[in-house]
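Each remark here refers to the structure printed beneath this line.
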Amino acid sequence: MPVSGQSDFDKKIEARPDLIQVRGAREHNLKDISLDIPRNKLIVITGPSGSGKSTLAFDTLFAEGQRRYIESLSVYARQFVDQLKKPEVESIRGLCPSIAIQQKGISKNPRSTVGTLTEIYDFLRLLFSRIGEPVCPNCHIPISSQSSSQIVDQIMEIKADTRINVVAILARKKKGEFSQELDDLVRAGIIRVRIDGQDISLEKGLKLEKSKPHTIEAYIDRLILKEEVRSRLKDAVELASSLAQGQIQIENIDQNKTYLFSESLSCADCGQAFPEMTPRLFSFNSPIGACPDCKGLGYELDEDEEEIEEEHDEGDEVAVVREICKTCKGTRLKPEGTSVFIHKKSISEINAMSVLEAKSFFKDLKFKGNRAIIAEKILKEIRERLQFLDEVGLDYLSLERRASTISGGEEQRVRLATQIGTQLTGVLYVLDEPSIGLHQVDNQRLINALTKLRDMGNTVIVVEHDSETMMAADYLIDLGPGAGKFGGFIVDEAAPSKLSKGITADYLTGKKVIPVPKTRRAAKNKIEVVGASLNNLKNISVSFPLGVFTVVTGVSGSGKSTLMLDVLSESLRLRTPIGCKEIKGMDLIDKVIRVDQSPIGRSPRSNPATYIGLFGQIRELFSQVSESRQRGYSAGRFSFNISGGRCETCRGAGQLDIEMHFLPDVKVQCETCEGRRYNAETLEITFKGKSIYDVLEMTFEDAFEFFEAVPPVHSKLKIMIDVGLGYLKLGQSAITLSGGEAQRVKLAKELAKRPTGKTLYILDEPTTGLHFVDVEKLLHVIHQLVDMGNSVLMIEHHLDVIKSADHLIDLGPLGGILGGEVVATGTPEEISKSSKSKTGVFLKPLLK
């Protein structure tokens, strides 16, 4: 296939402010390509999987933009990140500061939520701390300030002759030296204080460690409660109040009890003082606001959970069942934090709302007088961020939704909404398939968000396979023609309507199409889920036909994943109804294989060859080489996970992690083995002239030719090529794989096993990251599985896959609380005629 964009550029061309000029890009599989990318436009880079799209977008353009930014930092800051590698490119001119919005950046931090990622929760905390109305958690009556006389009256109600300490709280877990405050105590005649739980005698000039949070409590007086000490008690309370901004602590020495009083906020009935209304009171990341039992996580953390994470091995799925914290009931906050209200709603109640509900709540929110003035700017920020989330099609997500539970596409769109909110201009944004998980009905909202980012004066580069996004671009760059060593060329670059060369152009113009099956298979039997009501599912009953290819469709947030993964898959795994009343027909299948987008391994040592059981066979081959036998090398010698054959400097990782303290850790190549992972003796053993390291560096396509004479190895390599992953390297780190790639590796592992013909395969959007040509390959594999008597159930938005199914189950009608119902079921032809189905509207033109 002829390729353009290599030699027809003058390398010394004059710089132009309207272009990003790339010359001689050779990173990974890029074949010395040169191209001019228009600035301040929406650019889509497309092409088959492994053709070099991400290499050009992320590893070349973004990486060089980031490297140049770091080079602009001070010498001191640069010393920590000077290992940043310059991409293999001759020159790039006209490059802007770059921001990457990728799928792989999903936060695994259990404290991270949609609200915190978008800063909406930060503004909520500010709003509640400024204008919230506290209510006593015990008596449920509004809390107001108390006078010193009222406080003394309540203290005097404690049993007579009780010994008490009157204490002023100067700081509670706050950072600082507090030298001024401590000197003020000395001047006031205070000589005893308790700092971080330790009693000390005060002296002038005392300073605390600045970077640590401190709790400072000053002993004002010690009394035995009698009527004749009332006057002295009043003086002590007033002094404590003046030193501690109204916060007074009374310690009952005899009964080891503590009472908190406040001249600012306390309950008139029970006298409970309310802590200072600061944003930290509403933070589940601060000890001041977080529930003390679950530490602000909202669930009861199993003691062994961290160990389970550590021991997670390649391919092993570890399910951790979490119970909601009984103390905070999942709100993550102390009772004081959930006892402050704005228009009868606590911060936890607002946090539990979907973006759509929160938008409606804040749209109608109005205040009077000073409260209106205080709230004005905060409300503007909250409303804008909710609007941006709505614009990118995430109106169904709740603000409290954990970041770790949202998909790669959703997380990218959350970050996209955040970037729109920052109002930056002159930036190069690089996005990785933001359309993942989006129904066609929401696609236009995403395209509008991308064009909005462009219209603010930015260059937006999107790696994408979605035809609608491609057609909306100002400029299309098509890489290929194939994957791996067959890719890395520019096939064509032009405005979408002018693209004429290559397979992408053929699909976009309709010259090439994925055909509609001539016949639809009839179901042999069915499994039925009765009364599913988990999350947003509205007590629905759904029949899943067996022996056919079924696709579950519906808008984002309609309940597809809940129904398929949380109800059906879990019920079949545990052989008992989960999230539903009953499961009928479980005995009709003997095996359930769930293939989702979770990583195939959490460590850089995990790789596709190990996961599919191929690496063990290859190590065995190397141990059978005559020189291995002479030296007494077993298969274990060729593992980089155990001592013996591996490089001990990097412990077989091929790289070292350099800890950066206040910056992200940096990985550098191991100097001992030069990234080869093994020691010199191991690398001396060769099979057909290749060392074990050379084999790990091969792509599955290269290895397919190399191991042609080894049938067990050859058959597994063929399966990886069949699922469209021939371009991956055998030893490629699992953490570099996208969700779609990880899912196809899992599918390959299952396909390598002997099928029973009674297996149910459950797949979650396997077309993620796939070009039209790869989708066709995947469909071929799926149809093969079904023809062998198995059943395939798939969650999918890709219309070419949907039209190829035997049976469709369409959920909706919308997302979140407006979803969770069965809209229509039947063949693609039947769904296309349904007036209720939003999927049918987009499906109809493809079936003609």
Side-chain angles (χ1 to χ4, degrees), residues 105-129 132 134 137-138 169 171-176 194-198 209 211-217 247 249 258 260 272-312 318-340 346-353 397-406 411 414 602 661-662:
I106 292 182
S107 173
K108 294 288 179 278
N109 185 343
R111 298 179 180 282
S112 193
T113 66
V114 171
T116 61
L117 281 177
T118 53
E119 297 177 345
I120 290 171
Y121 193 71
D122 298 320
F123 284 106
L124 274 179
R125 292 193 295 121
L126 188 60
L127 186 70
F128 270 81
S129 68
N138 303 324
I169 306 163
R172 199 185 286 281
K173 290 180 180 164
K174 282 187 182 175
K175 289 181 183 178
R194 186 164 59 221
I195 297 176
D196 303 332
Q198 296 290 318
E209 201 173 325
S211 58
K212 284 190 175 177
H214 300 288
T215 298
I216 305 169
E217 297 157 313
Q247 300 285 315
Q249 187 167 291
T258 300
L260 191 66
Q272 177 170 335
F274 211 77
E276 189 184 352
M277 293 261 287
T278 66
R280 289 197 299 172
L281 178 65
F282 307 98
S283 171
F284 41 75
N285 293 322
S286 162
I288 288 171
C291 166
D293 285 359
C294 66
K295 305 289 188 290
L297 290 169
Y299 55 79
E300 292 179 4
L301 192 60
D302 182 33
E303 289 172 18
D304 302 325
E305 190 172 351
E306 286 179 29
E307 264 179 60
I308 290 170
E309 288 290 331
E310 292 286 320
E311 291 167 7
H312 183 98
V318 178
V320 179
V321 179
R322 295 185 173 120
E323 285 187 29
I324 287 176
C325 172
K326 294 180 181 69
T327 307
C328 67
K329 297 184 173 57
T331 65
R332 303 175 164 213
L333 298 173
K334 287 178 181 173
E336 292 88 341
T338 55
S339 300
V340 182
S346 70
I347 193 164
S348 300
E349 288 173 310
I350 294 173
N351 200 31
M353 290 179 181
L397 286 183
S398 68
L399 296 175
E400 68 179 0
R401 177 86 173 261
R402 295 179 200 280
S404 57
T405 67
I406 62 178
E411 204 250 1
V414 167
R602 286 184 173 83
H661 303 293
F662 57 88

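A quick note: this is a predicted structure, and the numbers were derived from the prediction, not measured.
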### Query
CG of Leu127 to CD1 of Ile120: how many Å apart, nearest 0.5 Å?
12.5 Å
### No-hydrogen, no-angle side-chain donor-acceptor test under 3.5 Å, Ser129 and Arg125
no
### Task
For the pair Lys329 (side chain) and Ile324 (backbone), establish whether a donor and an acceptor sit closer than 3.5 Å, ignoring hydrogens and angles.
no
### Task
Might you work through the side-chain contact (heavy atoms from CB on, under 4.5 Å) test for Arg332 and Thr113, ending with a clear yes or no?
CA-CA 12 Å; Arg332 303 175 164 213; Thr113 66; 4.0 Å; yes
### Message
Strictly distance-based, threshold 3.5 Å: is any side-chain N or O of Asp196 a donor or acceptor partner for the main-chain N or O of Thr215?
### Response
yes
### Message
Would Phe284 and Tyr121 count as a ring pair (Phe, Tyr, Trp, His ring centres under 6.0 Å) here? Give the steps.
### Response
CA-CA 11 Å; Phe284 41 75; Tyr121 193 71; 5.1 Å; yes
### Task
Work out which heavy atom in Ile406 is nearest to a heavy atom in Glu411; give both atom names and the distance.
CD1-CA, 3.6 Å
### Message
Please determine whether side-chain contact (heavy atoms from CB on, under 4.5 Å) holds for the pair Ser112 and Ser404, giving the CA-CA distance in whole Å, both sets of side-chain angles, and the decisive distance to 0.1 Å.
### Response
CA-CA 8 Å; Ser112 193; Ser404 57; over 6 Å; no
### Query
For the side-chain contact (heavy atoms from CB on, under 4.5 Å) test, which of Val114, Val414, Asn351 pairs with Arg401?
Val114
#### Entry: Audit row: Leu333, Cys328, side-chain contact (heavy atoms from CB on, under 4.5 Å) steps and yes/no
CA-CA 6 Å; Leu333 298 173; Cys328 67; 6.0 Å; no
### Message
Could you check whether any side-chain N or O of Ser286 sits under 3.5 Å from a backbone N or O of Ser283, counting only pairs where one atom can act as donor and the other as acceptor?
### Response
no
### Query
Nearest heavy-atom pair of Arg111 and Thr116: which atoms, and what distance?
O-OG1, 4.2 Å
### Query
When you measure from the side chain of Arg194 to the backbone N and O of Glu217, does any donor-acceptor pair fall under 3.5 Å?
no
### Task
Determine the minimum heavy-atom distance between Ser398 and Ala352, stating which atoms define it.
CB-O, 3.8 Å
#### Entry: Phe282 side chain reached by Val340 side chain, heavy atoms, under 4.5 Å
yes
### Task
Kindly compute the distance separating CD1 (Ile288) from OG1 (Thr278), expressed to the nearest 0.5 Å.
6.0 Å
### Message
If you compare all heavy atoms of His214 against all heavy atoms of Gly176, which two are closest, and at what distance to 0.1 Å?
### Response
CD2-O, 3.3 Å
### Validation row: Cys294, Glu300 side chains within 4.5 angstrom (heavy atoms)
no
### Message
Treating Glu349 as the side-chain partner and Ser346 as the backbone partner, does any N or O pair qualify as donor plus acceptor under 3.5 Å?
### Response
yes
### Summary
Between Tyr299 and Arg402, the two heavy atoms sitting closest are CD2-NH2, 3.3 Å
### Query
Hey, are the side chains of Gln249 and Thr258 touching, using non-hydrogen atoms and a 4.5 Å cut-off?
yes
### Query
Which atoms form the tightest heavy-atom contact between Pro275 and Glu336, and what is the distance?
CD-CG, 3.7 Å
### Message
For a side-chain contact (heavy atoms from CB on, under 4.5 Å) check, start with the C-alpha distance between Lys174 and Arg280, then their side-chain angles and the critical distance, and finish with the verdict.
### Response
CA-CA 11 Å; Lys174 282 187 182 175; Arg280 289 197 299 172; 3.1 Å; yes
### Task
Kindly compute the distance separating CG (Leu117) from CG (Leu399), expressed to the nearest 0.5 Å.
11.0 Å
